[in-house]
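Naming: A, B, ... by sequence-line order, numbering from 1 per chain.
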There are 2 protein chains.
Amino acid sequence: MVQKVRIKRTSGSLRREESLSREQIIETSIELLDGSGEGGLTFRTLSERLATGPGAIYWHIANKSDLLTAACDAIIARTMNAPLASLTPGATPQAIIRLLALAMFDAMDEHPWIGSALTRAPGQSPMVRIVERIGQQIRILGVPKKEHWVTVSALLNYILGVGGRNAANGQFARTQGLDRTDFLEAVSTAWSQLDPEEYPFARGLAAQLRSHDDRKDFLAGIDLILRGIGSPHRT
Amino acid sequence: MVQKVRIKRTSGSLRREESLSREQIIETSIELLDGSGEGGLTFRTLSERLATGPGAIYWHIANKSDLLTAACDAIIARTMNAPLASLTPGATPQAIIRLLALAMFDAMDEHPWIGSALTRAPGQSPMVRIVERIGQQIRILGVPKKEHWVTVSALLNYILGVGGRNAANGQFARTQGLDRTDFLEAVSTAWSQLDPEEYPFARGLAAQLRSHDDRKDFLAGIDLILRGIGSPHRT
DNA sequence: ACCTGAACACCGTTCAAGT
DNA sequence: ACCTGAACACCGTTCAAGT
């Protein structure tokens with residue numbers, strides 16, 4: 001859904017028909033970020049797309065950090081609301097957490113820049129949305145209140161960690177002009193050639209690395225943590 | 001340990017005595033990054049500190065990304081080797097993993113920039129070092145070979161996720177001119193004022209947030225995952 | 001109230017020219 | 001072989017001036 005900008009020709013120079021809106025700026029930013037990565041969002045390219053000057057943006061947005069947070073928040077809001085629609089009535093909290101986590105995984109896959117945007121906005125709106133949705137399920141699971149923060153934290157950190165690393169892989173691959181398969185191939189080959197004395201484990205991992213499925217492994221990690229939540233403490 | 005640069009005065013202009021070395025560039029970069037954050041490393045400030053011109057760096061280093069990865073690798077190499085010294089002989093794999101994880105936590109606390117540097121270098125040297133050390137313990141734990149990657153992955157992603165978020169908190173706080181306590185106070189207050197209808201869980205978390213201990217919670221998360229590794233699969 | 005667009009103070013990187 | 005430093009092509013952000 002590419003934003004369409006109405007343009008009116010007045011006295012020889014191009015001029016926007018309606019006034020710029022914050023929402024319009026954010027949507028166009030998302031398009032730019034999705035299309036050409038973190039480096040693709042520039043006040044100059046953005047204002048060009050919006051048929052205005054770079055200074056105009058600042059009337060609606062404080063600065064670039066604010067813009068990134070707002071764009072991120074828009075994505076997260078959609079992501080945290082979507083899975084609720086596809087819920088079967090009797091779903092367990094575990095199942096819902098898996099669904100939410102997967103939704104985050106897919107969102108971070110589709111919009112690789114939100115990872116670092118989330119990092120720029122700790123404790124702010126996007127983060128709160130995620131904490132809330134996961135937290136409600138933690139509560140239903142019967143985790144004692146004292147452990148709420150630790151538990152949500154663990155899941156959150158894992159999810160954001162994976163997202164960040166996946167985004168990194170994609171970005172790195174793109175810089176090298178590789179697709180995902182080529183990239184894994186390259187890393188796998190590099191690891192298989194490591195010194196067997198110094199890196200026996202990583203070396204042995206090369207084969208698994210080549211053919212693994214990010215999404216499946218992500219979910220396996222979620223399950224690992226969920227099992228941990230369900231296991232008795234060692235005291 | 002501030003690098004000392006020997007300078008010789010030749011024919012009126014300052015000139016370095018020994019030639020520039022890659023290692024020297026990296027050490028000075030680390031000092032700059034530690035001292036003034038990610039934005040503190042600039043080819044101009046760096047070359048100034050090294051008493052040379054910005055172009056000179058490029059004889060020893062490919063580009064900024066290469067520089068960041070090298071600086072990160074130096075830190076990670078130290079971090080992954082240090083804990084081995086303080087080991088009691090009969091330590092369990094779990095204990096060693098906890099030790100390694102804590103070492104990473106502390107390193108990321110001391111050098112908040114390594115999180116994003118690691119992100120820039122997936123599958124490269126710094127990452128391999130971490131995977132290797134943790135992986136060896138996973139093997140000793142008796143995790144089946146097929147699950148090696150998934151298991152290391154889960155731990156790694158969690159550790160990097162926490163590190164990233166902690167770095168973000170610190171950086172954000174610094175931008176706002178707050179210290180850690182003020183920052184937590186601010187977030188906690190903001191969360192306690194959230195709409196109780198929409199954000200009941202996050203709202204109730206505000207108090208826990210205010211007084212929590214990052215390092216302790218980090219370790220609790222590691223234990224959660226370790227418990228998960230030790231629990232039987234639901235099939 | 002909202003926009004324009006030149007200007008400012010930065011970046012990373014390159015490269016002819018020096019030693 | 002290694003370094004110099006001006007120059008290039010960018011950034012985010014500001015702000016007087018316009019409508």
Range-with-range stems of DNA chain C (Watson-Crick or G-U pairs under 3.5 Å, three or more in a row): C:4-8 with D:12-16, C:12-16 with D:4-8

Nearest-Å distance for atom pair NE2/P, residues B:His60 and D:dA1: 13 Å

B:Phe43: partners by ring-ring contact (aromatic ring centres under 6.0 Å, His included), with sequence neighbours left out: B:Tyr58

Side chain to side chain donor-acceptor pair (under 3.5 Å) between B:Arg133 and B:Asn81, worked out: CA-CA 9 Å; B:Arg133 281 272 183 280; B:Asn81 288 333; 2.7 Å; yes

Residue A:Gln176 excluded, over 12 heavy atoms near CD under 6.0 Å: yes

Distance, rounded to the nearest Å, where B:Ile25 contributes CD1 and D:dC2 contributes P: 11 Å

Value rounded to 0.5 Å, distance of CG in A:Leu194 from OG1 in A:Thr189: 11.0 Å

Partners passing side chain to side chain donor-acceptor pair (under 3.5 Å) against A:Arg215 (at least two apart in sequence or in another chain): A:Asp106

For B:Asp214, side chain to side chain donor-acceptor pair (under 3.5 Å) partners two or more places apart: B:Arg180, B:His212

salt_bridge(B:Arg120, A:Glu38) N-O dist < 4.0 Å: no

Non-hydrogen atoms of B:Cys72 and B:Leu118 that approach each other most closely: SG-CG, 3.7 Å

Between C1' of D:dG5 and CG of B:Leu50, the distance in whole Å: 16 Å

Strand contacts (DNA chain C) in residues 167-176 of chain A, 4.0 angstrom heavy-atom criterion: none

Protein-nucleotide distance (B:Ile57, atom CD1; D:dC2, atom P), rounded to Å: 15 Å

Can you check nucleotides 8-12 of chain D for protein contacts, nitrogen or oxygen pairs under 3.5 Å, and list what you find?
unit_1: D:dG12; atom_1: OP1; unit_2: A:Lys64; atom_2: NZ; d: 2.7
unit_1: D:dG12; atom_1: OP2; unit_2: A:Phe43; atom_2: N; d: 3.2
unit_1: D:dG12; atom_1: N7; unit_2: A:Arg44; atom_2: NH2; d: 2.4
unit_1: D:dG12; atom_1: O6; unit_2: A:Arg44; atom_2: NH2; d: 2.8

Contact under 4.0 Å: A:Trp59 side-chain N or O vs C:dC2 OP1/OP2: yes

